[in-house]
Amino acid sequence: MRRRSSSVSGCLFLTSLILILCMVGVAAGAILFGGSKPVASLLGPTQGIAGADRALLRAYLLLRGGSLSQPAGDPSAMAEITVLPGDSAETIIQRLKDAQIVQDPALLRAYLRSYGLDTRIQAGRYALSGEMSITQLAEALQLAMVSQSRLTVPEGWRLEQIAEALPLEGIGFASPDFMQAAQQADGLQEVLGLPSAPSAEGFLFPDTYALGAGTTAEQLVNTMLATFDKRVTPSLRAGFEKQGLSLAQAVVLASIVEREAIVPDERPLIAAVFLNRLQQGIRLEADPTVQYALGRQADGMWWKAPLTLADLELESPYNTYRYSGLPPGPIANPGLSSLQAVAEPAETEFLFFRATCDGSGRHLFASTFDDHLSNACP
């Protein structure tokens, strides 16, 4: 009989506990849905929660514990949610519900409110999915994605091509702003310690750059100059000096090598040809310098090809068919390989090169003009 009495007592205790927990759940639900307090009170400062209310919220979450780790919404739903400054937690939760990221907004509301996370949601963008749990969503909402765009600058681009490639969204400046900042070239002195120049052409190091929403055109230009300063090491600069070139002259020559070379392993040979011609007082006669002077063509392209005989007569200080020595400035922004080729050219007596006839992008090299003529295509 005692054993039966004990069993009955245990059942009564368990039943009572369940009833109490249910009442707690009902009470917490009343708080959540405005029964005893308005819903807005749950979205205020965390310290405003009375001890009893906090206990009710925690009890509610205890009852719903199994749901906290399950997908909060439609597992196939994905959305990018933007939180604006001043948005309330209630507004944000409603957006998540509309996007099917959350199917039980009351549960997310209770979790955020109970742990004081509702007032820590940052303004910004959030990539969220319905497969995320309530706890994962609450954590994700505490750290907005950094709003960044990316700009990739290939080797051999000129200023205008970089400006045209700037992202249309995610940055606070436009192509003309970039052109103005690059043409002012203040950073050449501030970052590289070089004398003033018509522009930063040639020193905007080809790379991929992250552009935050607050990035200015001047900051981007200076970042590119700083990257150049870092990547062009003291040993490279010593190589330029060994060739009798200043840093500025080396960049001009490297920009020509960059536009001439198609096959990477020919860069040291092409650099050597131009250095040999400079030393012997022979005009460089480099097509890319004429292409640079011609600028944008009617078809929208920047580098005209092929050139005509009339093009080679163009009056421009950049036209190395008409003027000896290096042009007055770089014609493009060279990459590291072309800069290395100028610092460490091949050891050769070649003075000429011309493209092969097979379309491979390779060149035939010659030491005499007669040999150069014999390399012409049939």
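Computed from heavy atoms alone, side chains included, the values below leave out hydrogens, waters and symmetry copies.
- L204 and M224 get closest at one heavy-atom pair: CB-CE, 3.6 Å.
- Between the side chain of Q136 and the backbone N or O of S133 there is at least one donor-acceptor pair closer than 3.5 Å.
- Ring-centre distance between F274 and F353: below the 6.0 Å cut-off.
- Contact record, I134 with A72: CD1-CB, 3.9 Å, taken as the closest heavy-atom pair.
- Ionic pairing of E315 and R322 is present here: one or more N-O contacts between side-chain nitrogen and carboxylate oxygen are shorter than 4.0 angstrom.
- In this structure the side chain of E241 never reaches within 4.5 angstrom of the side chain of L245, judged on heavy atoms.
- Using a 30° and 60° split on the angle between ring planes, F228 and F203 fall in the perpendicular class, above 60°.
- Transitive grouping of hydrophobic side chains (ILVMFWY, heavy atoms separated by less than 4.5 Å) brings V153 and M179 into a common cluster.
- Stacking of R277 on the aromatic ring of F352 is recorded, both the 6.0 Å distance cut-off and the 45° axial limit being met.
- Checked for salt-bridge contact, D207 and K230 miss the test: no charged N lies under 4.0 Å from a carboxylate O.
- The shortest distance between side-chain heavy atoms of F205 and L336 falls below 4.5 Å.
- Tracing side-chain contacts under 4.5 Å through hydrophobic residues (I, L, V, M, F, W, Y), one reaches L269 starting from V273; they form part of the same cluster.
- Atom CD of residue Q183 and atom OG of residue S199 lie 6.5 Å apart, to the nearest 0.5 angstrom.
- In this structure, A341 and P268 approach most closely via the heavy-atom pair CB-N, 3.7 Å.
- Connection of L351 to I270 is not established within any shared hydrophobic cluster, with ILVMFWY side chains joined at heavy-atom distances below 4.5 Å, either directly or through further cluster members.
- One finds no salt bridge joining E260 and R267 here, because no Lys/Arg side-chain nitrogen approaches an Asp/Glu carboxylate oxygen to under 4.0 Å.
- The nearest pair of heavy atoms linking T289 to I331 is N-CD1, 4.1 Å.
- E155 places none of its side-chain heavy atoms less than 4.5 Å from the side chain of N333.
- Side-chain contact between L96 and L128 is present, with heavy atoms from C-beta onward closer than 4.5 Å.
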Inset, instruction - Take V263 and S360 through the test side-chain contact (heavy atoms from CB on, under 4.5 Å) and record every step on the way to the result. - result: CA-CA 8 Å; V263 180; S360 65; 5.8 Å; no

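- Remark: the backbone N or O of G295 is paired with a side-chain donor or acceptor of Q297 at under 3.5 angstrom.
- The two atoms that bring P330 and Y318 nearest to each other are O-CE2, 4.2 Å, heavy atoms only.
- Hydrophobic cluster membership for L312: V290, L294, L307, L309, L314, Y321 (Ile, Leu, Val, Met, Phe, Trp, Tyr linked by side-chain heavy atoms under 4.5 Å, directly or transitively).
- The closest side-chain heavy-atom distance from S175 to F178 is not below 4.5 Å.
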Legend entry - Evaluation steps, side-chain contact (heavy atoms from CB on, under 4.5 Å), between L112 and T119: CA-CA 8 Å; L112 289 171; T119 59; over 6 Å; no

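- In the hydrophobic clustering of this structure, M132 groups with I121; members are Ile, Leu, Val, Met, Phe, Trp, Tyr whose side-chain heavy atoms approach within less than 4.5 Å, directly or through other members.
- Salt bridge annotation for D87-R95: present, with a cationic side-chain nitrogen under 4.0 angstrom from a carboxylate oxygen.
- Under the 4.5 Å side-chain criterion, counting only non-hydrogen atoms from C-beta, Y209 is not in contact with R150.
- When hydrophobic clusters are built by joining Ile, Leu, Val, Met, Phe, Trp and Tyr residues whose side-chain heavy atoms come closer than 4.5 Å, directly or via intermediates, M78 is not grouped with I101.
- A distance-only check finds no donor-acceptor pair linking the side chain of D229 to the backbone of A226 [under 3.5 Å].
- Between P334 and S255 the shortest side-chain heavy-atom distance falls below 4.5 Å.
- The shortest heavy-atom contact between L339 and F240 is O-CE2, 3.2 Å.
- Residues W303 and Q161 have side chains that bring a donor and an acceptor to within less than 3.5 angstrom of each other.
- Remark: the T368 side chain and the D370 side chain contain no N/O donor-acceptor pair separated by less than 3.5 Å.
- Here the side chain of Q249 pairs a donor or acceptor atom with the backbone of S246 at under 3.5 angstrom.
- Residue R64 holds its CZ atom at 4.5 Å from CG of L107, rounded to the nearest 0.5 Å.
- A donor-acceptor pair under 3.5 Å is formed between the side chain of T223 and the backbone N or O of Q219.
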Inset, instruction - Quick one: do E266 and R362 satisfy salt bridge (Lys or Arg N to Asp or Glu O under 4.0 Å)? Show the steps, please. - result: CA-CA 8 Å; E266 287 189 351; R362 302 194 73 90; 3.6 Å; yes

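- Counting heavy atoms from C-beta outward, R354 and H372 have side chains that approach closer than 4.5 Å.
- When each of R259, R158, E201 is checked for a side chain to side chain donor-acceptor pair (under 3.5 Å) with Y292, only E201 meets the rule.
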